[in-house]
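In what follows, every chain begins at residue 1, and chains take the letters A, B, ... in the order their sequences are listed. Note that these values count all heavy atoms, side chains included, but never hydrogens, waters or copies made by symmetry.
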Amino acid sequence: MFYREAGDFKTSYRQDSQTFPIRFDRWRFYAVLALAFGVIPFVINDYWANSVFVPFLIYAIAAIGLNILTGYAGQVSLGTGGFMAVGAYACYKLMTSFPEVSILIHVLLAGGVTAAVGVLFGLPSLRIKGFYLAVATLAAQFFLVWLFNKVPWFYNFSASGQITAPDRTVLGYFVTGAQTSATAKYLVCLVFLVLVALIARNLTRGTVGRKWMAIRDMDIAAEIIGVNPLTTKLTAFAVSSFFIGIAGALFFAVYLGAAEVGEAFGIQKSFLILFMVIIGGLGSIFGSFAGAAFLVLLPVLLKNLLVGTLGWPTDLAAHIELMIVGGLIVVFLIAEPHGLAQLWRLAKEKLRLWPFPH
Amino acid sequence: MNAMTEGYVTPDGRQIGPVLMEMKNITLRFGGVVAIKDISFDIREGEIRAIIGPNGAGKSSMLNVISGFYVPSEGEVWFRGQKRGPMKPYEVARLGIARTFQNIALFDGMSVLDNIMTGRLTMMKSGLLSQALWFGSAEREENENRAKVEKIIDFLEIQNIRKTPVGRLPYGLKKRVELARALAAEPKILLLDEPMAGMNVEEKEDMCRFILDVNDEFGTTIALIEHDMGVVMDLSDRVVVMDYGKKIGDGTPDEVRNNPDVINAYLGVAHE
Ligand SMILES: Nc1ncnc2c1ncn2[C@@H]1O[C@H](COP(=O)(O)OP(=O)(O)OP(=O)(O)O)[C@@H](O)[C@H]1O
Ligand SMILES: [Mg+2]
């Protein structure tokens, strides 16, 4: 009953294009923010940070990045893992070369480097589409992993071939390295996610978002109404890679602490994030959150339930997880390409009419 | 008096301006198929210019040449007294040429409002940073353009479907939304490829009224392709008739109606 837009009149175009046009949604958004910043940091422990919250926050950033490119601009990419690796290695090189500069700046710069690399690998999208573009980005994925493995300069000639994040602080608190608290890891990632989500939301509701969607829905018509396909596609690659680079930098520096490229940023990562976007909903910022939450929580829940409660072997639980994810991908691709976000929208539409369905 | 540069007043009092666009000896080939053979005609400012002809005559191809979508194999396109060099379609759009398509080309995943807003993309200049922060020029621009788009929404009487995804609309409304998107660009010339095809009588009447109103209120020059002879005779100031890629008639509706070549083409006498 209380989920209503009646009586909630818009008196300006500004109000009408705001992010949460329905008052109830706005309240819920503030409530979530208050919970995320005001409650969770004080109760979080290492287990929750490492197995749920930090990976969720970082994957949500990466999923938003991929969703911009694939969901909004319609350019398929299987290179997400490779672009995350670019962010991670850029962050590593910056951290070790300029130790006096804040890690926060390094993470942003790592995003910038990834954006430039993304534009470079986005150039083929001007000529090729769909399946062929996917193959080209797949090539980028393998090339980048190979590059970071083969050229010792990228891992500072370390004997193990790994990169290890040095200890860095923000406002006196450790955010990288062994002494980092769960709260600090969580808060750093949360701040980046909130920023990324706001920027993504602003971009997609305005001019550039409409250009992306126009190219996605019908590129010929887009061109005839004055959209330059070159700059539009490349902006999508740049913005998308910027976010994915930030995610990669955080994944390495804050979450893992040390990384080996093939293991941390291999093709599995590309697929994982693509699945998040598909399950969550193509072309939806909220969907990116939903997809990331779902695929982070699913293995944790299955492990607790099947292994912890029922006492099944771990590998069986892992296989069941794969089967569930695979099944869901097929279901969503066939039945609901707009994913969890669309199911949520439909539920809200029902609720808006409830209890009078007609 | 030079009719090319001056303009004239029609017997029923419509003010027609000087030549806005001129097609000079246009030929268009697709491999062996010659879609357009050496056609010349002009479009004057403020007029409604119809292009008619049997199926496959090359009408849509001609519209595609005007909108820069096809580059003619031979011949020149002159716009506002200047020869138009080879251009990308989006560059032509920025000259003030907007169009609709024979097979509707809307963005199905976007709402009606967003679709119409895309018509104003060429006028929106705020930078990526301003848009990312939704601050300053980006927000101002969004609201100014939204206000313009709302006028068009009122004008075409589609207020109640503003937020509906275009994919869910019936055919007749889609055609109207496509017209709205083209109008949003505030074009100098509006190109309409069969705007009334597949519509019922009532929808056709609405569309006729909108076309006349656009021409009247905004002074927009219109070039349109239409099969319904009644509509063409009612709406247009001058008519180009095409058949098998050639121009077989050009003049006022009355002149064209009495042109023996045109009568032959439509009755099919001239061809075996
Ligand atoms: N892209 C293309 N490639 C090859 N041939 C084409 C192409 N576009 C048009 N043609 C050919 O050019 C000729 C004219 O086509 P066009 O679409 O311009 O006709 P039209 O007058 O618009 O017909 P209709 O009334 O059916 O829409 C046809 O023979 C068509 O097959
Ligand atoms: Mg045609």
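- Counting non-hydrogen atoms of other residues, nucleotides and ligands closer than 6.0 Å to CG of B:D154 gives a total above 12.
- Heavy-atom pairs under 4.5 Å with chain B peak, among A:G209, A:P229, A:G283, A:A222, at A:A222.
- In this structure, the portions of B:A147 lying under 4.5 Å from any heavy atom of chain A include both its backbone and its side chain.
- In this structure, the portion of B:R181 lying under 4.5 Å from any heavy atom of chain A is its side chain and not its backbone.
- Of the listed residues (B:G119, B:A93, B:A132, B:G68), the one with the most heavy-atom contacts under 4.5 Å to chain A is B:A132.
- Between B:F107 and A:I225, some side-chain heavy-atom pair lies under the 4.5 Å cut-off.
- Shown here is B:Q82, whose CD atom has no more than 12 heavy atoms of other residues, nucleotides or ligands within 6.0 Å.
- Remark: side-chain polar atoms of B:Q131 are not paired, donor with acceptor, to backbone N or O of A:G206 under 3.5 angstrom.
- With values rounded to the nearest 0.5 angstrom, B:K125 atom NZ is found 10.0 Å from A:T207 atom OG1.
- Of the listed residues B:N115, B:T118, B:V92, the one with more heavy-atom pairs under 4.5 angstrom with chain A than any other is B:T118.
- With respect to A:N228, the side-chain contact (heavy atoms from CB on, under 4.5 Å) criterion is satisfied by exactly one of B:E91, B:R94, B:K88: B:R94.
- Side chains of A:L203 and B:L128 form a contact here, defined as non-hydrogen atoms less than 4.5 Å apart.
- Using a 4.5 Å heavy-atom cutoff, the side chains of A:N202 and B:F135 are not in contact.
- The distance from the CZ atom of A:R210 to the CG atom of B:L113 is 6.5 Å, given to the nearest 0.5 Å.
- Only the side chain of A:T235 has a heavy atom closer than 4.5 Å to any heavy atom of chain B.
- Crowding of A:I220 atom CD1: a count of heavy atoms from other residues, nucleotides or ligands under 6.0 Å not exceeding 12.
- From A:T204, atom OG1 reaches atom CG of B:D114 across 10.0 Å, with rounding to the nearest 0.5 Å.
- Across A:A214 and B:M110, no two heavy atoms sit closer than the pair N-SD, 4.0 Å.
- Heavy-atom contacts from other residues, nucleotides or ligands closer than 6.0 Å to CZ of A:F131 number 12 or fewer.
- Heavy-atom minimum distance, B:I104 versus A:M218: O-CE, 4.4 Å.
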